[in-house]
J.: 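Take this structure first; my questions come after.
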Amino acid sequence: MAFSLLSFHGALVGCTGLKLHPLCPAATPTRATRTVELDTQHNTLSPGGAFVTACPIETVTNRPLVALRAGNTYLSSRSSTQFDAAPVCATWEHFLLLTPEHTDLLRTMLQNTWHDGHTYVGAPTCTGHDLRLGPHKWPIEQLQAEFRGDTLTLWTDNAPHKVTLTTCPSRTLQNLLDIACELLEVGAFRRARNPWATADDVREQVFKLSLNPSTIAPCIVLAQLCCQLGQGELGSQFATYAQSFAQMADLLWLQSLIALRMRDHTRAADLLVQALQARYPKQDFSATLPQLLERLRQGEDALLLVPDMLYELDLPGFDERFDTLLVPMRLAAKNGPDIRQIYAMLFENAYQRLNTTKDLRLLETEAKLNGLSWWTEAAMGHTSWLAGLQTEADTHYAIARRLALQAGATPSPENAGIFSWLGAQECNQLASRAIPDRTGVSRWQWQFSTADAPAAFCLVFACDSRNFHLLPGLILSLLQACREDRSAGRIELCLGVANPDTAQLSFLQTVASWLAQYATSLRLNFGYGATTVQDAALEPALRYLILPDLVAKFRCPVLVGDCAGYFPANMATLLRTLRNTATYGFDLALFDHEGHQTSGTPWDLGTDLLYLGEVERLPAIAAFMSDYLNTVYTPKSTVHTAMDRCALAQMLRHFILPRWNTLAIRFLNEGPDILVMPSVKAGTPLISQDDVLHDLAINTPRRPNQPTA
């Protein structure tokens, strides 16, 4: 029998011409290079036998070792990269005889990387005439092997415990990669439009996996990408393969989502149960899960309800990266309103995270999958608005409003403005018709201060009786700021209070009387009365609804603010600077300084503070905002949560933007705060009415003592 010869460092003895050299067992022999073999029956070497002979070596281990000798010199493998001549026969001069079967086995082992069960152990090494792989070591010539598919089982008579290895990449993974490459070649991924994924993303992950087939992360990403790009079956197979090596609850959740997108609701339900058991083995879901699973198995997309279920139980959710499989997605016709509501919310969140190019892909895909919907129309309105197509945006918002009202939907706060948005044409008609008072604010009673001097500023705030507790802090900060510096001129503080009680009115009367008697630069004016209904959604609009009465009384610049704020000590300086340098002031965080909105929705304006400095235009502005609010407000409706922001946005568009370049606009979100909005934590004590009254008491001038008779 002919045997190959293995060096101490794991190389076969090769021969090119007359040169003997190390030859990697995994290398493919060429015509010029041959593997040296020893015919033990005739003790002949081929090639190289003309000048080298083989000498058996007896050792205590009884391993089949030989030395290659030429005269008194031995072939040495002291170096792993080349052979040398040595005068002695020691360890590096010993070569192990390998049968053709063991040579082939060694070649197979070295040509591949391996998994030992679920553990990646990489490629084996061959040193000291032993094969080493992970924690295992075998004498090579004693190995016995059994091949079955892409698995290899190894053992020896002296170590009968069998070790089963799987090639990496396995045939399963190689087949999945081959399918992915075929789909890339025919353009299958390119035909599917998705805002989250492209064919190039698939190429990148296939490339990473081809370089490192032992890594699981690219398999997980490919599972998601394939599903997003219309190849759900392939995505499911990638996820299953990843799960076979990484037993994770998140991967079961991923497979459940993929099954849902493939419309296999029963499999999605089964995988959901497995995912929940794996992630929360001790949690009792009996109160909510059975109903959810029943709806899911009956064809509803009830997986959308799982995140809320976990949130209600104060449990951490599954991997958020997989949420992109939920939007955009074809919705089942059986879905209840709660599922459609959650999907709409997910769509709104997805839209806000994308840039314009991906926005269009999202809108196109969503419309193709689910047709006309209020959430798609609202998003199309936002896209048109930011592109400067305001007429188209108005049309989309009108459709979105109609569809949302029909569905009884509750949009996120970012989209609540669709219920209160009037298009440009409707806004242009406000001044040409009589608008009835739907709020009741025009019938309020007002107590004005005595006009013994012209006002320099009018500060406007409003609230209802439930938030009256915010006013003392505002009033006290203003009192203290005016004592510090009176250089801003006379300030008229105007407060509107909806549905006040007797104690609240008494407090305002006390403060107003004290200011009229003792203050030199500050006066308090207040109006009060009932609203049509006690509607919390109306409160932010009250400050704009009382403007017509105030600009008719005071001809001066107006500052409209949130009564939760307070004034800093240098308020007078800030007000003087504002009056001297700005015509108007807005919180325009989403605008550039050329007046162009760069992101968000039309009603994405800050409402903590507004400055109106063109006194001659204030009556028209105040009438516009009041008419706008009375037009959109319906007392029986609870959907007008963004009335004030919509009115402010359209006032900006109607009165300010056409003259932007001729006006001095102050960005109130930049620079020092004229009105500071504190972040009040629960339990933090607020300034009370008693605190204000105490301040008035200690600052009341003492009367001089009367002389005695």
J.: For E364, check salt bridge (charged side-chain N to carboxylate O under 4.0 Å, His left out) against everything at least two apart and list the hits.
T.: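 E364: salt bridge (charged side-chain N to carboxylate O under 4.0 Å, His left out) contacts with R193.
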J.: Taking salt bridge (charged side-chain N to carboxylate O under 4.0 Å, His left out) as the test, write out the residues that go with R34, two or more places apart.
T.: none
J.: What salt bridge (Lys or Arg N to Asp or Glu O under 4.0 Å) pairs are there with at least one residue in residues 262-281, not counting sequence neighbours?
T.: D250-R279, R263-D301, D270-R297
J.: Got a sec, which residues hit salt bridge (charged side-chain N to carboxylate O under 4.0 Å, His left out) with K208, two or more places apart in sequence or on another chain?
T.: E204
J.: Could you list all the ring pair (Phe, Tyr, Trp, His ring centres under 6.0 Å) pairs where at least one residue sits in residues 278-308, not counting sequence neighbours?
T.: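 Qualifying pairs: Y280-F285.
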J.: Taking only distance into account, with no hydrogens and no angle test, what donor-acceptor pairs under 3.5 Å do side-chain atoms of residues 78-92 form with protein atoms, sequence neighbours excluded?
T.:
{"unit_1": "S79", "atom_1": "OG", "unit_2": "T81", "atom_2": "N", "d": "3.2"}
{"unit_1": "S79", "atom_1": "OG", "unit_2": "T81", "atom_2": "OG1", "d": "3.1"}

J.: Sequence neighbours left out, what passes salt bridge (charged side-chain N to carboxylate O under 4.0 Å, His left out) with E146? Give chain and number order.
T.: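 Applying salt bridge (charged side-chain N to carboxylate O under 4.0 Å, His left out) to E146 gives R148.
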J.: Could you give all pairs that pass the ring pair (Phe, Tyr, Trp, His ring centres under 6.0 Å) test and reach residues 229-268, with sequence neighbours left out?
T.: H115-F245, Y241-F245, W253-F318
J.: Which pairs, with at least one residue in residues 123-132 and sequence neighbours excluded, count as a side chain to side chain donor-acceptor pair (under 3.5 Å)?
T.: R63-D130, T127-R132
J.: Taking ring pair (Phe, Tyr, Trp, His ring centres under 6.0 Å) as the test, write out the residues that go with Y351, two or more places apart.
T.: H382
J.: If you count every heavy atom of other residues, nucleotides or ligands that lies below 6.0 Å from R340 atom CZ, does the total exceed 12?
T.: no
J.: Taking only residues two or more places apart in sequence or in another chain, which ones pass ring pair (Phe, Tyr, Trp, His ring centres under 6.0 Å) with W196?
T.: none
J.: Identify, with sequence neighbours excluded, every residue that meets ring pair (Phe, Tyr, Trp, His ring centres under 6.0 Å) alongside H136.
T.: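 Residues passing ring pair (Phe, Tyr, Trp, His ring centres under 6.0 Å) with H136: W138.
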